[in-house]
Amino acid sequence: MTAVAKSNRLSRHFSTAHQYLQTLASSFRNPNLLAEDLLSKVLDEDPGIKTLEKVHSKVISDQNLCSNPSLAIKLMRAYSACGQPNVTRHIFDEIAELNIVFFNVMIRSYVNNHLYREALLVYQNLHNYNISPDHYTFPCVLKACSGSGNLRVGFQFHAVVVKKGLDSNLYVGNGLVAMYGKCDIIADARKVLDEMPKRDVVSWNSMVAGYARNGRFNDALDVCKIMLSSGFKPDAGTMASLLPAVTNTSSDDVVFVKYMFENYGRECLVSWNVMIAVYVNNSMPAQAVELYSQMQACGIEPDAITLSSLLPACGDLSALLLGRRIHEYVERNRLRPNLLLENALVDMYAKCGCLSDAREVFDGMEIRDVVSWTSMISAYGMSGQGHNAVKLFSELKDSGLNPDSIAFVSILSACSHAGLLDEGRFCFKIMTKEYRIVPRIEHFACMVDLLGRAGKLNEAYSFVLSMPMEPNERIWGALLSACRIHSNMDIGLVAADHLFQLAPEQGGYYVLLSNIYAKAARWEDVTTIRSIMKVRGIKKMPGVSNVEVNNRVYNFLAGDQSHPQSKEIYEELDVLVGKMKEAGYAPETDSALHDLEEEDKGIHLTVHSEKLAIAFAIISTKPLTPIRITKNLRVCGDCHVAAKLISKITGREIMVRDTNRFHHIQNGLCSCGDYW
DNA sequence: TTAGGGTTAG
């Protein structure tokens with residue numbers, strides 16, 4: 001009986017690695033059972049590190065097994081799969097008679113563990129043993145080149161491959177296409193592909209990936225079409241390859257990926273994951289959530305990648321109930337620890353305004369990276385808890401991790417929202433001096449916002465003028481916004497002038513300027529701006545408020561009457577306004593003054609989208625249930641006052657997330673301290 | 001043996 005046949009026979013009797021191990025002891029007593037077969041089988045079954053170590057010690061303790069090359073190779077592979085390439089190396093170094101297979105396994109172990117330099121050094125060592133690399137060696141070392149950005153060595157390998165006549169090998173050709181694609185030498189990748197005598201789906205997908213990572217969606221698409229006409233069926237890998245080209249892209253591109261998904265991918269989890277990611281990366285969170293429910297209806301179980309992709313959509317939509325369900329699923333299916341997934345959970349809770357839940361996940365993490373810290377810092381920042389953000393930022397610095405550029409955007413923004421002028425200035429200083437991070441325009445925008453909100457308008461303006469790059473819309477926007485808060489006409493006009501050049505179609509800036517004029521009682525100028533807007537056909541983006549009630553997200557526009565319970569909603573609002581007036585509420589009836597970021601001028605303030613969403617939540621949920629609103633524009637001053645009063649009248653906690661931040665409103669007070 | 005799917009700011 002051959003070894004394979006014996007092994008197959010054994011595998012019918014012993015279905016798990018655990019059973020093999022249990023039988024192992026008896027195998028030494030029973031000469032009819034070969035220890036080699038048993039150990040070999042255990043190693044083939046993806047053993048965990050503990051099982052692996054047991055097998056390893058058995059091998060070491062037996063003279064015959066110790067010199068068995070097949071077991072040695074399997075041990076090397078298994079350690080690599082457990083993320084322990086150093087142990088793989090240790091075994092490799094002990095082998096008496098090395099051959100190309102040992103070298104290939106060693107190189108692959110390093111590459112799979114991202115140790116590209118080490119992999120290339122092992123390749124160099126081949127010459128000392130007079131061993132020639134083969135068609136298994138090159139795909140691996142080519143990957144080491146692209147992984148380490150070592151294009152020069154990549155070119156050398158290509159020359160060696162041609163010299164050895166290995167360029168006609170499918171795997172080597174695929175390796176070359178992938179290497180050139182990842183090193184952004186797309187023309188060379190294409191040349192290799194075109195000259196390959198034989199191609200498979202991996203060849204095509206590697207080319208698609210090359211174009212996609214260079215943002216060339218149309219070329220990637222053309223390759224898909226050639227692939228189809230050559231008789232190859234795109235698969236989940238094709239979709240996954242396309243993904244980098246389909247972020248913030250046109251709706252046509254999204255439609256095409258959807259077509260691929262519908263026709264070639266509905267069977268495979270990876271395709272669902274890609275399609276969800278495409279929706280999320282193109283600001284289509286509702287479609288991502290919808291697709292996820294279809295996926296569940298099809299009986300396809302999500303994995304950690306599905307959920308990490310979907311959680312940002314929950315955050316965007318403030319879909320807390322779905323977010324919580326996902327969290328429960330993660331716990332139930334033991335998907336933790338998983339750094340990316342846990343980071344996504346922290347962020348989801350933060351975006352849903354659940355700071356304590358976010359902190360609980362953060363505190364429970366075994367390993368945290370700079371993304372984890374940044375998510376938590378910005379969670380505090382968004383909620384106006386600047387001091388907590390500063391405290392956590394200081395802990396991040398002490399943790400041994402280095403805050404990166406994004407972490408600094410978060411902390412600067414947190415300082416700005418909380419009016420922490422000195423702390424913000426300090427952070428900007430250490431970013432450049434201590435961490436040697438070159439400030440990007442985002443950092444400057446945060447500083448302008450910080451200085452401007454705090455009333456240091458001249459300093460903010462000087463800061464803008466001293467910037468090493470051309471100020472953009474965000475910079476002037478932050479300055480104009482600050483000028484409105486502090487009624488600074490001179491600087492406000494300068495900022496507005498730039499904004500009308502940079503973004504002439506953005507209605508919001510015209511409104512901000514008209515607010516400044518109105519506050520200065522320059523009514524003629526207010527009228528002029530209104531007429532300019534009318535003549536140019538400039539409209540404000542309509543305000544939309546979302547509220548999650550009974551597992552569904554409802555949208556409201558200003559003056560919305562489309563909801564089936566519209567009559568009850570307006571009746572409730574009337575009752576509330578009555579009570580609010582008793583409590584001293586006076587609507588800001590002067591349109592120019594309250595016209596911050598709000599909806600259509602023709603509609604009365606009481607029917608702003610936030611108010612409708614609040615009234616709907618009140619009649620649809622049990623008393624004292626917290627209300628969570630998400631708005632696509634900044635909350636207007638009148639709605640802020642109204643929400644505070646409603647929280648006092650109804651005893652409800654009201655959380656409003658607008659484009660900038662959170663307002664946690666309770667018992668008549670807001671977490672922003674009216675600083676926003 | 002080869003490709004390919006995930007998290008953070010503004």
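Lettering follows sequence order; numbering is per chain, from 1.
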Quiz item: What nucleic acid atoms does A/Ile406 come within less than 4.0 Å of, heavy atoms only: base, sugar-phosphate, or nothing?
Solution: base
Self-check item: Interatomic distance where NZ belongs to A/Lys233 and P belongs to B/dA3 [whole Å]
Solution: 23 Å
Practice problem: Using only heavy-atom distances, decide whether a donor-acceptor pair under 3.5 angstrom links the side-chain of A/Arg474 to the base of B/dA9. | Solution: no
Self-check item: Of the listed nucleotides B/dT8, B/dT7, B/dT2, the one nearest the side chain of A/Ser375
Solution: B/dT8
Quiz item: Under 4.0 Å between a side-chain N/O of A/Lys143 and OP1 or OP2 of B/dG4, yes or no?
Solution: no
Practice problem: Look at all strands and tell whether A/Asp404 reaches a base, only sugar-phosphate, or nothing, counting heavy atoms closer than 4.0 Å. | Solution: nothing
Exercise. Taking only the side-chain heavy atoms of A/Val371 (C-beta and beyond), determine which of B/dG6, B/dG4, B/dT7 contains the nearest atom.
Key: B/dT7
Exercise. Using the aromatic ring of A/Tyr171 (for Trp, its six-membered ring), decide whether it stacks on the base of B/dT1 within the limits of 5.5 Å and 30°.
Key: yes
Quiz item: Nearest-Å distance, CE (A/Met348) to C1' (B/dG6)?
Solution: 15 Å
Exercise. Run the salt-bridge test on A/Arg474 and A/Asp449 with the 4.0 Å N-O cut-off and return the result as yes or no.
Key: no
Practice problem: Please state whether the rings of A/Phe444 and A/Phe463 are parallel, tilted or perpendicular, taking 30° and 60° as the class boundaries. | Solution: tilted
Practice problem: Examine the base of B/dG6 for any acceptor or donor lying under 3.5 Å from a partner atom in the side chain of A/Asp303, and report the outcome as yes or no. | Solution: no
Practice problem: Remember a base hit wins even if backbone is also touched, and classify A/Ile377 as base, sugar-phosphate or nothing at under 4.0 Å, heavy atoms. | Solution: nothing
Quiz item: Between B/dT2, B/dT8, B/dT1, which one does the side chain of A/Asp200 approach most closely?
Solution: B/dT2
Quiz item: Considering only B/dG4, B/dG6, B/dT7, which nucleotide approaches the side chain of A/Asn338 most closely?
Solution: B/dG6
Quiz item: Once you round it to whole Å, what is the distance between P of B/dA3 and CG of A/Leu242?
Solution: 17 Å
Self-check item: Selection from B/dT7, B/dA9, B/dA3 that lies nearest to any side-chain heavy atom of A/Ser206
Solution: B/dA3
Quiz item: With sugar-phosphate meaning primed atoms plus P, OP1 and OP2, does A/Asn205 contact a base, only sugar-phosphate, or nothing at under 4.0 Å between heavy atoms?
Solution: base
Quiz item: Whole Å only: how far is the CG atom of A/Asp347 from the C1' atom of B/dA9?
Solution: 10 Å
Quiz item: Is the shortest side-chain N/O distance from A/Lys182 to OP1 or OP2 of B/dG4 below 4.0 Å?
Solution: yes
Practice problem: Assign A/Arg440 to base, sugar-phosphate, or nothing according to its heavy-atom contacts below 4.0 angstrom with the strands shown. | Solution: base
Quiz prompt | Proximity of A/Trp272 and A/Phe261 rings by center, below 6.0 Å | solution = yes
Quiz item: Tell me: CG of A/Leu170 to C1' of B/dA3, nearest whole Å?
Solution: 12 Å
Exercise. Just call it for A/Ala407: base, sugar-phosphate, or nothing, with non-hydrogen atoms closer than 4.0 Å on any strand.
Key: nothing
Self-check item: Ring geometry between A/Phe256 and A/Phe217 (parallel below 30°, tilted from 30 to 60°, perpendicular above 60°)
Solution: perpendicular
Quiz item: To the side chain of A/Leu340, which of B/dG6, B/dA9, B/dG4 is closest?
Solution: B/dG6
Exercise. Rounded off to whole Å, could you give me the OH-to-C1' distance for the A/Tyr380 and B/dA9 pair?
Key: 18 Å
Quiz item: Considering only B/dG6, B/dT7, B/dA9, which nucleotide approaches the side chain of A/Leu341 most closely?
Solution: B/dG6
Quiz item: Parallel, tilted or perpendicular for A/Tyr259 and A/Tyr264, by the 30°/60° rule?
Solution: perpendicular
Quiz item: Of the nucleotides B/dG6, B/dA9, B/dG4, which one has an atom closest to the side chain of A/Lys351?
Solution: B/dA9
Quiz item: Checking all strands, does A/His135 fall into the base, sugar-phosphate, or nothing category for heavy-atom contacts under 4.0 angstrom?
Solution: base
Quiz item: Hey, are the side chains of A/Val280 and A/Gln287 touching, using non-hydrogen atoms and a 4.5 Å cut-off?
Solution: no
Quiz item: Among A/Tyr380, A/Trp373, A/Phe408, whose ring pair (Phe, Tyr, Trp, His ring centres under 6.0 Å) with A/Phe393 holds?
Solution: A/Phe408
Quiz item: What is the distance, rounded to the nearest whole Å, between atom CG of A/Leu243 and atom C1' of B/dA3?
Solution: 14 Å
Self-check item: Of the listed nucleotides B/dA3, B/dA9, B/dT7, the one nearest the side chain of A/Ala178
Solution: B/dA3
Self-check item: Sugar-phosphate, base or nothing in reach of A/Asn104, heavy atoms under 4.0 Å
Solution: nothing
Quiz item: How would you label the contact of A/Ala445 with the nucleic acid (heavy atoms, under 4.0 Å): base, sugar-phosphate, or nothing?
Solution: nothing
Exercise. Would you mind telling me which of B/dA3, B/dA9, B/dT1 lies closest to the side-chain atoms of A/Thr374?
Key: B/dA9
Quiz item: Over how many whole Å does the gap from A/Trp204 atom CH2 to B/dT2 atom P extend?
Solution: 21 Å
